[in-house]
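Index from 1, following the sequence.
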Amino acid sequence: MKPSAGKTPVYAIIRIRGQVDCPHEVEHTLKLLRLHKKFHCVLYPASPTLEGMLKKVKDWVTWGEIDRETLIELLRKRGRIPGGKPLTDEYVDKHLAKFGITGGIPALADAILGGRVALHKIDNTVKPVFRLHPPRKGFKGSTRKPYGHGGELGYRGHAINELIRKML
């Protein structure tokens, strides 16, 4: 979970498990992360505070560094604006120009990965939560075991991109 040299990674965090048997402290942390339901995904830049939150909810979520291609695909297919309408290149050019973002969804993805914009800090422009489908052909492991032990939970690094593509 160490950031690469000179660049802070952006984590894609996906809630895998539901609310049953979830301790109050964990549920509160999941709410702070905006992960209210299963298969919701959020994007946050890595920070010590986020690392502490992820350590607390590691048995309910999976996370890793998202790459540019997957982020563009996620924004195109699952990005939403207020009112539940899909995110489009035209909307990005019109409403996010005040943040210096012109060039559509690829420019927004570059701004997110470059650390210039965080979706949870843009007021009423783009919804910060992505609602995903359950993965096609199911999970490869248990949803109760860590990723390193044949499960699906916890830190998975760049393998998160493959999971996101299965869930789009």
Open item on the list: His120: which residues meet the ring pair (Phe, Tyr, Trp, His ring centres under 6.0 Å) condition with it, sequence neighbours left out?
Closed with: Tyr44
Run the side-chain donor-acceptor check on residues 36-43: report pairs under 3.5 Å with partners two or more places apart or on a different chain.
none

- [ ] For the pair Leu153 and Arg17, evaluate side chain to side chain contact (heavy atoms under 4.5 Å, CB included) and give the outcome as yes or no after the intermediate values.
- [x] CA-CA 9 Å; Leu153 300 171; Arg17 295 179 64 193; 4.0 Å; yes
- [ ] Return the set of residues passing side chain to side chain donor-acceptor pair (under 3.5 Å) with Arg165 (not counting sequence neighbours), or none when no residue passes.
- [x] Thr70, Glu73
Open item on the list: Listing request: all ring pair (Phe, Tyr, Trp, His ring centres under 6.0 Å) pairs with a residue in residues 93-113, at least two apart in sequence or in separate chains.
Closed with: Tyr91-His95
TODO: Evaluate the side chain to side chain contact (heavy atoms under 4.5 Å, CB included) criterion for residues Leu54 and Tyr11: first the C-alpha distance (whole Å), next the side-chain angles of each, then the deciding distance (0.1 Å), finally the verdict.
DONE: CA-CA 10 Å; Leu54 290 174; Tyr11 288 146; 4.0 Å; yes
TODO: Give a yes or no answer on whether the side chain of Thr62 reaches the backbone of Glu152 with a donor-acceptor pair at less than 3.5 Å.
DONE: yes
Task: Greater than 12 external heavy atoms within 6.0 Å of Lys58's NZ - done: no
Task: Arg15 vs Glu27, salt bridge (charged side-chain N to carboxylate O under 4.0 Å, His left out): CA-CA, chis, key distance, verdict - done: CA-CA 11 Å; Arg15 183 167 180 171; Glu27 189 64 37; 3.4 Å; yes
TODO: Name the orientation class of the two ring planes belonging to Tyr155 and Trp63 (parallel below 30°, tilted from 30 to 60°, perpendicular beyond 60°).
DONE: tilted
Task: Residue pair Asp89 / Pro106, side-chain heavy-atom distance below 4.5 Å - done: yes
Task: Non-hydrogen side-chain atoms of Val61 and Ile16 separated by less than 4.5 Å - done: no
Task: Distance in Å, Thr102 OG1 paired with Leu108 CG, rounded so as to fall on 0.5 Å steps - done: 11.5 Å
- [ ] Any ring pair (Phe, Tyr, Trp, His ring centres under 6.0 Å) involving residues 66-85? Give me the pairs, sequence neighbours left out, ordered by first then second residue.
- [x] none
- [ ] Kindly indicate, with the supporting measurements, whether the criterion salt bridge (charged side-chain N to carboxylate O under 4.0 Å, His left out) is fulfilled by Arg144 and Asp59.
- [x] CA-CA 7 Å; Arg144 294 182 177 260; Asp59 294 330; over 6 Å; no
- [ ] Sequence neighbours left out, what pairs pass ring pair (Phe, Tyr, Trp, His ring centres under 6.0 Å) with at least one residue falling in residues 124-146?
- [x] none
Task: Non-hydrogen side-chain atoms of Pro135 and Glu162 separated by less than 4.5 Å - done: no
